[in-house]
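By convention here, the first residue in the shown sequence is residue 1. For ligands, and for the atoms within them, numbers begin at 1 and follow the listed sequence.
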Amino acid sequence: MSITADPSITLAGTPSVDATPAVADLDVIVSLAKRRGFVFPSSEIYGGINAVWDYGPLGVELKNNVKRAWWRSIVQERNDVVGLDAGILMHPQVWRTSGHVGSFSDPLVECTACKRRYRLDELPGTDSLTPLQLAEADVVTRLGLVCPDCEGSLTAPRRFNLMFKTFMGPVEEDAAVIYLRPETAQGAYVQHKNVRDAARKKIPFGIAQVGKSFRNEISPGNFVFRMREFEQMELQMFVRPEEGATAAFDEWLPRRLEWYKAYGVSPARLRAREHAPDELAHYAKRAIDVEYRFPFGWKELEGVHNRGDFDLSRHAAESGESLSYFDPSTEQTFTPWVVEAAAGADRAAFTFLIDAYREEMVRDEKRVVLGLHPELAPYKVAVLPLLKKRDDLVELAHRIRNGLSREFAAVYDDTAAIGKLYRRQDEIGTPWCICVDVESMEDRAVTVRDRDSMEQERVSVDRLEDYFLGKLRAARP
Ligand code: ATP
């Protein structure tokens, strides 16, 4: 069954009272992520590199599953959306036309004493300021802002461009400067016509893309929330002007909210927040952020934006290529408008991880569970022999894992007693464990234990594959 848009999810329907975060202390997640191999600091043996994180064995499974779930809902289940994988490096003119060279910047202030740099709008005391107020030259002195670390005085704000630059080819000169893309969206705009013609799509249709983006963020942090190298999952819908954009906006905002809920995020910790007119980017006609209640506050997960005809008009004007569309049914020619749903793969994976975390007492013992949706869980099944010294049990357990792993991720483990093995799988979100015991040798059946209910069921070895495929299918949104 596919996710259907629910028109009842509107701005008015978002929670009005603040929600309790799923974990009070982010360190709980950071340490679980490191210990169990979800996320490691990049280049750690050299002291790490700020705002770059590496996904370990479980993290790469989780993030791949998040991207796959997004692709399924956005591309696979839709007849009007197709995929694209554009290069990270693009013609530098793309970024001049898009406005990124001129204005993709944040206000930077520097401490005159300790030389630390901050994003002005993230300093304490700037919460209620509008973008216009933040741009005023005397904002630092007027508000009496000082360095949060050493209380030294701060410089007046200056704009700091967030794009990483590098050189194309063997000569390091200005003419060879190119940029690491700060968003994937531009690939869809400059390839709009190629994709439309090749896929024989009529307006409205969409181009979806998942890939790396890079931003030289002034103040990265909060673990993988704000990174300098990250992955985006972006949909660009190309629609008729005005009413087409309104209709697309009204369809995609609830769909995207629903997607997070369908994969387990608590509705109370999700909300939609509309940008005020003075907060809107120069190209945007309307923007609503899907926000999640992180332990460090309500923050953006994804942005749904009506970008008008800004993108295609600008690229058409600068490139000299026509990007307009002739509609044979109305005999009208127009430049398509764009409605985008721009999400982050890392932020989404991080959100699923935080929201799935729970601690509970079971027989006076603390049990840590990641209640991840089965489709997102790194492993679907763990196969555990009750006695690792019994070759026949070990052999059957391996055989079961090998068979199941042709269909989905399954893991074998015999490095502890069964109770401990169950707990370890609970902590990484494995929905089902199989215990191969002595009786299995007689009845060719195994015990299947459910992560959430901890209930156990005897299932014959021959039926296991269908049993789990049925459960996975039933859980799919
Ligand atoms: P923010 O306000 O958090 O800086 P943004 O409004 O600049 O985000 P967009 O340009 O709309 O973000 O990017 C779309 C999505 O890409 C964001 O909603 C987020 O999920 C993700 N994203 C953007 N910047 C980062 C980053 N530095 N690290 C991780 N994910 C990011």
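- Under a 4.0 Å N-O distance rule, the pair Arg215/Asp106 does not qualify as a salt bridge.
- Glu77 and Ser73 share no donor-acceptor pair across their side chains, judged by distance under 3.5 Å alone.
- Side-chain N/O atoms of Thr155 and Glu110 include no donor and acceptor closer than 3.5 Å.
- Judged as a salt bridge (charged side-chain N to carboxylate O under 4.0 Å, His left out), and not counting sequence neighbours, Asp85 has no contacts.
- Taken from CG in Leu323 to CG in Asp309, the straight-line distance is 11.0 Å, to the nearest 0.5 Å.
- For the pair Arg36 and Glu427, the salt-bridge criterion is met [side-chain N within less than 4.0 Å of a carboxylate O].
- Protein residues with a heavy atom under 4.0 Å from ligand 1 are Arg215, Glu217, Phe225, Arg226, Met227, Phe230, Gln232, Glu300, Leu301, Glu302, His305, Ala342, Ala343, Gly344, Arg347.
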